[in-house]
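Reading through the structure tokens given below for one structure.
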Amino acid sequence: MTLNARPQTKGAWFTNALVPAALTEGFALGTSDADSGLASLDFGITAEGRLTAERGTATPVDLQGRMILPTFVDSHVHLDKAYIVARTGIPECGLMEAVKLSTADAGNWTAADLRARMTRAMTRAYHNGTSAMRTHLDTPVMPADSPAWQVFCEMRKDWAGCVDLQAVALMALERVEGPDFAERCQQIADRGGILGAFIAPNTATPARLDALFTCARAAGLDVDFHVDETLDPTANALELICDSILRSGFDGRVMAGHCCSLRSAAPADLARITGKVARSGVHVVSLPHTNLFLQDRASGRTPALRGITAARELAAAGASIHFASDNVQDPFYPYGDFDMFDSFRMAVRAAHLDSDIAAWALRQFRTAAKACGFDLHGRLRAGASADLIVFDAHNWTELMSRPAQDRVVLRAGEPLPSQTFNLRDLFAMEPS
């Protein structure tokens, strides 16, 4: 079998697939390798497009040891900013210049503009193999008055059954002191959203965080932060968040994105903070593409520091850590394609996760799903919808080495058509 010769999938029985054993449920696995965490798997897809462990009468299709992964959870994106880089340009310096460029473009974010860009983003994510996504939406006004929220609610309905969507109302932490903050939280809750806060340097205080968690609890909201997006070792917002949770007993889900400053922390500080992250239950999401692009960025010189959180140290402390794609073709990251495999592969390479990729794959799928509450995602489960990705690779090294497009994405057992233009078609065209 080649990936270009695709068999009938519904009603088929597949043999000799290679899967991360920890990401399967309800299947009898074959030969396994403890070092790689990979095991062979035979499975079927029913006529209704569901995974099955029951062998039928279909002629087997030999996958010849090719790797299969579940569809991805992308827990931190910015659909409202996607594809604006042609208008904003690329920042010469770092985060704050990117913020200024994005803010200057916000006047163009009409409902029509947002709908076109968000539809493009969703289409790319879907065809690249993402089945669940959490997006941040800039919310300087009330959600009821926000075009981004209005379009998002339409998109969530339009994409139901294809990509499960969540939205975070992103605003400055200082908003918690406004007289309308409780009403903001209620409007977020009415839209099934998540309370978000961008914590700029030196703006986090115990009082502000306690107030935020109090309002979140009253409205029944989970919380998602942009925090310590700097390489300054004195940045302490993540620790203050953990302290507030441990102090208040807040029991909703809490995610903390970026956390770059952890990588610059002194050993004693790092150990103390990662321990608090583990005890408080905060889910850290690292955004390698954006952080490697923005951190230590300055005009005319090569960056000397690596803008990624202390992923291995968080894991060693027992904290929740996974990766997401973040920005795509905007001033925060002018590249990308809403491809979570590309993000995971970047994380493996940049954070040196190659010695235990199977454990990081478990975090990337199951931990990410748990962090967001996407309970039906992130695993290959007998009886579930046949949503999976077949890669033209036979081990982790090949998977991390080959072009990202060497894959077939199946949704409900049906292969998605390729969205990639084949250059061979260009040279096969008849002259005009």
Side-chain angles (χ1 to χ4, degrees), residues 76 93-99 172-173 197-210 212-213 223-248 250 254-298 301-324 326 332 346-356 359-360 363 367 371:
H76 183 124
C93 298
L95 174 64
M96 297 318 296
E97 184 182 351
V99 170
L173 176 62
F198 169 73
I199 302 182
N202 303 314
T203 62
T205 66
R208 284 174 172 169
L209 290 167
D210 287 354
L212 182 141
F213 284 120
V223 183
D224 196 323
F225 293 98
H226 281 56
V227 57
D228 294 345
E229 197 172 349
T230 171
L231 295 176
D232 180 357
T234 67
N236 67 343
L238 177 61
E239 184 170 19
L240 291 176
I241 289 167
C242 295
D243 288 342
S244 183
I245 293 169
L246 294 169
R247 185 166 54 245
S248 67
F250 181 77
V254 179
M255 196 179 297
H258 301 289
C259 305
C260 306
S261 63
L262 270 184
R263 184 58 276 163
S264 303
D269 295 332
L270 178 60
R272 184 186 70 254
I273 297 168
T274 56
K276 288 184 179 181
V277 173
R279 292 197 303 277
S280 65
V282 170
H283 298 276
V284 174
V285 54
S286 177
L287 299 315
H289 279 128
T290 300
N291 291 150
L292 288 168
F293 176 78
L294 287 177
Q295 297 303 308
D296 200 29
R297 184 178 181 86
R301 69 167 176 83
T302 303
L305 303 175
R306 180 168 291 193
I308 193 168
T309 196
R312 297 179 69 90
E313 291 77 7
L314 283 160
S320 171
I321 168 72
H322 66 278
F323 303 91
D326 203 9
F332 298 87
M346 172 61 80
V348 168
R349 294 173 173 182
H352 298 174
L353 309 180
D354 38 86
S355 62
D356 195 10
W360 287 98
R363 295 183 183 100
T367 301

Shortest non-hydrogen contact between [X] and [Y], atoms and distance:
X	Y	answer
Thr367	Ser320	CG2-OG, 3.1 Å
Gly307	Gln295	CA-CB, 3.6 Å
Phe332	Thr290	O-CG2, 3.5 Å
Arg263	Arg306	CG-O, 4.3 Å
Ala237	Val227	CB-CG2, 3.3 Å
Ala256	Cys259	O-SG, 3.7 Å

Could you list the residues that satisfy salt bridge (charged side-chain N to carboxylate O under 4.0 Å, His left out) with [X], not counting sequence neighbours?
X	answer
Asp243	Lys276
Arg312	none
Asp232	none

In the structure I gave you, are the side-chain heavy atoms of [X] and [Y] within less than 4.5 Å of one another anywhere?
X	Y	value
Val348	Trp360	no
Asp354	Arg349	no
Phe198	Thr203	no

As an exercise, state the distance from [atom1] of [X] to [atom2] of [Y], rounded to the nearest 0.5 Å.
X	Y	atom1	atom2	value
Arg272	Glu239	CZ	CD	4.0 Å
Ile241	Ile273	CD1	CD1	11.5 Å
Ile308	Leu231	CD1	CG	11.0 Å
Arg247	Phe213	CZ	CZ	9.5 Å
Thr309	Leu287	OG1	CG	10.0 Å
Leu173	Leu209	CG	CG	5.5 Å

Can the ring centres of His226 and His76 be said to be less than 6.0 Å apart?
-> yes

Can you run down the salt bridge (charged side-chain N to carboxylate O under 4.0 Å, His left out) pairs that involve residues 279-289, sequence neighbours left out, and say none if there aren't any?
-> none

Those residues that, when tested against Arg297, pass side chain to side chain donor-acceptor pair (under 3.5 Å) (two or more places apart) = none

Quick one: list whatever passes side chain to side chain donor-acceptor pair (under 3.5 Å) with Glu97, sequence neighbours left out.
-> none

Counting N and O atoms only, with roles assigned by atom type, does the side chain of [X] sit under 3.5 Å from a partner on the main chain of [Y], one being a donor and the other an acceptor?
X	Y	value
Asp228	Leu238	yes
Asp296	Leu305	yes
Ser244	Leu240	no

Between Arg363 and Ile321, is a side-chain contact (heavy atoms from CB on, under 4.5 Å) present by the stated rule, with each step listed?
-> CA-CA 7 Å; Arg363 295 183 183 100; Ile321 168 72; 4.1 Å; yes

Does the side chain of His258 pick up a donor-acceptor pair with the side chain of Asn291 at under 3.5 Å?
-> yes

